[in-house]
Amino acid sequence: MQYRRFGRLDWQVSALGFGCMRLPTVGGDRAYIDEPLATRMLYYAIDHGVNYIDTAYPYHGGNSERFLGKVLKGAYRDRVRLATKLPCWLITERGDFDRYFNEQLERLQSDHVDYYLLHSLNASSWRRVRDLGVLEWAEAARQSGRIRHLGFSFHDRLEVFKEIVDAHDAWDLCQIQYNYMDVDNQAGTEGLRYASGRGLAVVVMEPLLGGRLAQPPAVVQAVWDGAPRKRSAVQWALQWLWDQPEVSVVLSGMSAMEHVVENVACAERSGVGTLTAEELALVDRARAAYLGLRPIPCTGCEYCLPCPNGLRIPGLLDMLNSVALYGDLEGARRRYEHVPEGERAGACQECRQCEDLCPQQIPISEWMARIHKVFGEGQPLEEVLSGR
Ligand SMILES: NC(=O)c1ccc[n+]([C@@H]2O[C@H](COP(=O)([O-])OP(=O)(O)OC[C@H]3O[C@@H](n4cnc5c(N)ncnc54)[C@H](OP(=O)(O)O)[C@@H]3O)[C@@H](O)[C@H]2O)c1
Ligand code: SF4
Ligand code: SF4
């Protein structure tokens, strides 16, 4: 295994970390972990040098933490550092901090957590837990030794990321969604460098976009096939991350033993600056090939906002683009259902105010109608796209 700097902490982290959100399950029930197989996978990773394990309160309906509590008892516990997270979206009052944390310690069969992260922060959840005193609570827990190090995981825009990084001197780590397709999305490359430059360890999640980069479409596979040095799509994605000095550890949510074996072997060959200039250019070409599949040329600049009707225009456009790039129409339909009804594409009043502001001259109101047909009314994507 290769080891890397973990921010300002005097500790070397394995290049690969084990994300315990996608453990193998049985019977199609996410809450029912295939414990014998998951145990073999976890022990294989630890026996091959993985020393960072990531879980969270909701993973596998709470059973990810319970599983780790069981299997990390004894010698394996001392060989790893364990991260778990406060479910910020469930916090409504100060007493909730202790309530969830104590429940987590009980599940983990432990008296402390090595890395405790405020889970999935965005602008509103951050401000809510901050105003409820989460930093003061965490500082007290740190002083008492129940939390060793404090961090946060993040899903929002770069400006919000910087605001959170700057809000607290004592963050030791942050966790961001980052991969070669997300260089300008959420924290992105700028956020990675910003946090690292301030001494935070940066833990990368979704290195394969939740697995979507593992099975590339033909145009992207053609780019990989053209490489002088052969690597799988997964290996290209992972090595691109490890090439960057600001990345501390790459979490992979491995769901099969073959994933663990491949990703451990890949991590063993990893290092900062291992990709050549030609190979980095090849990754740029793979990204361009993916982006070429987008039906809507939205850059996410947000000049079109605010929409007077409250529609989050770039997010809605991205939903359709993502399906064209990576598939998973059903997943996108489920996400669309979670958008409040008044903010769905179907609520567009066709005022076209946004269109005057869009530098890409995207006919946004027409796309809103199509997006609603696909996600809200269940019409086939191809039919709606070809009706352009
Ligand atoms: N804090 C947060 O808000 C948050 C959010 C997301 C994730 N996380 C954490 O970050 C971890 C990593 O994120 P992620 O699970 O999304 O990682 P990911 O690596 O982007 O996706 C994992 C999926 O990639 C596929 N995969 C992995 N290795 C592979 C291989 N060698 N060959 C082929 N396919 C492979 C598998 O897909 P299939 O199962 O489909 O085969 C696996 O389930 C999570 O497990 C979790 O611990 C945290
Ligand atoms: S056209 Fe639709 S999306 Fe654009 S500003 Fe008007 S209501 Fe919002
Ligand atoms: S202004 Fe145009 S390109 Fe920019 S986010 Fe809005 S729709 Fe996308």
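All of these numbers come straight from a predicted model, not from anything done at the bench. All residue numbers in this chain count up from 1 along the given sequence. The figures here come from the full heavy-atom set of this structure, side chains too, leaving out hydrogens, waters and symmetry mates. In listed order, ligands and their atoms are each counted from 1.
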Atom 8 (Fe) of ligand 3: which protein heavy atom is closest, and how many Å away? Cys298 SG, 2.4 Å
Quick one: how many protein N/O/S atoms are under 2.8 Å away from atom 6 (Fe) of ligand 2? 1
Asp184 atom CG, over 12 foreign heavy atoms within 6.0 Å: no
When the aromatic ring centroids of Trp126 and Phe161 are compared, is their separation below 6.0 Å? no
Interatomic distance, Asp318 atom CG to Ile313 atom CD1 [nearest 0.5 angstrom]: 13.5 Å
Might you work through the side chain to side chain contact (heavy atoms under 4.5 Å, CB included) test for Glu279 and Arg231, ending with a clear yes or no? CA-CA 11 Å; Glu279 288 174 330; Arg231 290 184 172 103; 3.2 Å; yes
Heavy atom under 4.0 Å from ligand 1: found in Ala214's side chain, backbone, both, or neither? side chain
Both conditions, 6.0 Å and 45 degrees, for the charged tip of Arg22 above the ring of Tyr59: are they met here? no
Salt-bridge test for Arg142 and Asp172: reply yes if a basic N is under 4.0 Å from a carboxylate O, no otherwise. yes
Does either side chain, that of Ser270 or that of Gln239, offer a donor lying less than 3.5 Å from an acceptor on the other one? no
Salt bridge check, Glu337 against Arg333: does any charged N sit closer than 4.0 Å to a carboxylate O? no
Can you report which non-hydrogen protein atom sits closest to atom 13 (O) of ligand 1, along with the distance? Glu206 N, 3.1 Å
Is the cationic atom of Arg287 (NZ for Lys, CZ for Arg) positioned less than 6.0 Å from the six-membered ring centroid of Tyr290 and within 45 degrees of its normal? no
Return yes or no for this condition: an N or O of Glu262 is under 3.5 Å from an N or O of ligand 1. yes
Considering only heavy atoms of Leu209, which atoms of ligand 1 have at least one such atom less than 4.0 Å away? 20 (O)
Which residue in the set Trp240, Phe154, Trp242 passes ring-ring contact (aromatic ring centres under 6.0 Å, His included) when paired with Tyr178? Trp240
Just to confirm my output: which protein heavy-atom neighbour is closest to atom 42 (C) of ligand 1, and how far is it? Gly253 O, 3.0 Å
I'd like to check the side-chain contact (heavy atoms from CB on, under 4.5 Å) partners of His155; sequence neighbours left out, ordered by chain and number. Ser120, Gln177, Gln186, Met205, Glu206
Of all protein heavy atoms, the one nearest atom 14 (P) of ligand 1 is Arg22 NE, 3.4 Å
Return yes when Lys85 approaches ligand 1 closer than 4.0 angstrom through a heavy atom, no otherwise. yes
Ligand 1 atoms in contact with Pro207 (distance to a heavy atom under 4.0 Å): 17 (O), 18 (P), 19 (O), 20 (O)
So Tyr115 and Trp11, would you call those rings parallel, tilted or perpendicular, with 30° and 60° as cut-offs? tilted
Atom 36 (C) of ligand 1 sits nearest the protein heavy atom His259 CE1, 3.6 Å
Would you mind telling me if ligand 3 is within reach of the side chain of Pro314, the backbone, both or neither, using heavy atoms under 4.0 Å? side chain
Can you list the atoms of ligand 3 that are under 4.0 Å from a heavy atom of Pro359? 1 (S)
Quick one: look up the protein heavy atom nearest atom 31 (N) of ligand 1 and list residue, atom name and how far away it is. Asn263 OD1, 2.9 Å
Can we say Lys373 and Glu383 salt-bridge, meaning some charged N sits less than 4.0 Å from an Asp/Glu carboxylate O? no
Exercise check, heavy-atom protein proximity under 4.0 Å to atom 24 (O) of ligand 1: yes
Is the closest basic N to carboxylate O distance between Lys85 and Asp54 below 4.0 Å? yes
Only heavy atoms of Leu317, strictly under 4.0 Å: list the atoms of ligand 3 that pass. 7 (S)
Around atom 4 (Fe) of ligand 3, find the nearest protein heavy atom and jot down its residue, atom name and distance. Cys301 SG, 2.3 Å
Give the residue, atom name and distance (to 0.1 Å) of the protein heavy atom nearest atom 4 (C) of ligand 1. Met205 SD, 3.0 Å
Would you mind checking which non-hydrogen protein atom is closest to atom 48 (C) of ligand 1, with the distance to 0.1 Å? Tyr59 OH, 2.9 Å
Using a 4.0 Å heavy-atom threshold (strictly under), name the region of His155 that reaches ligand 1: side chain, backbone, both or neither. side chain
Are Glu278 and Arg285 close enough for a salt bridge, meaning some N to O gap below 4.0 Å? no
Taking non-hydrogen atoms only, is Val234 closer than 4.0 angstrom to ligand 1 via side chain, backbone, both or neither? side chain
Check whether any N or O atom of Met254, backbone or side chain, sits under 3.5 Å from an N or O atom of ligand 1, and answer yes or no. no
Does the gap between the ring centers of Trp89 and His119 come in under 6.0 Å? yes
For atom 6 (Fe) of ligand 3, the closest protein heavy atom turns out to be Cys304 SG, 2.3 Å
For ligand 1, does Ser232 get within less than 4.0 Å through its side chain, its backbone, both, or neither, judged by non-hydrogen atoms? neither
Number the atoms of ligand 1 from 1 as they appear, then name those within less than 4.0 Å of a heavy atom of Gly210, with their elements. 16 (O), 18 (P), 20 (O), 21 (O), 23 (C)
the protein heavy atom lying closest to atom 2 (Fe) of ligand 3 turns out to be Cys358 SG, 2.4 Å
Atom indices of ligand 3, in the order listed, that fall short of 4.0 Å to a heavy atom of Gln360: 3 (S)
Please report the C-alpha distance between Val323 and Asp328 in whole Å, then the side-chain angles of each, then the deciding distance to 0.1 Å, and finally whether the side chain to side chain contact (heavy atoms under 4.5 Å, CB included) criterion is met. CA-CA 6 Å; Val323 172; Asp328 195 16; over 6 Å; no
Polar contact flag, side-chain donor to acceptor under 3.5 angstrom, Gln109-Lys73: yes
What protein heavy atom sits nearest atom 39 (O) of ligand 1, and how far off is it? Ser255 OG, 2.7 Å
Taking only heavy atoms of His119, which atoms of ligand 1 are found under 4.0 Å from at least one of them? 1 (N), 2 (C), 3 (O)
One thing to verify: whether Arg77 and Asp114 come together as a salt bridge, which I'm taking to mean a side-chain N less than 4.0 angstrom from a carboxylate O. yes
Residues Glu330 and Arg334 bridged, charged N to O under 4.0 Å: no
What about the rings of Phe18 and Tyr52, do their centers lie closer together than 6.0 Å? no
Quick test: of every protein heavy atom, which one is nearest to atom 3 (S) of ligand 2, and how far off is it to 0.1 Å? Ile313 CD1, 3.7 Å
Distance to 0.1 Å, residue and atom name: give those for the protein heavy atom nearest to atom 5 (S) of ligand 3. Glu302 N, 3.1 Å
Of Leu121, Leu208, Thr84, Ile53, which has the heavy atom at the shortest distance from atom 27 (C) of ligand 1? Leu208
Proximal atoms of ligand 1 relative to Cys20 (non-hydrogen, under 4.0 Å): 45 (O), 47 (O)
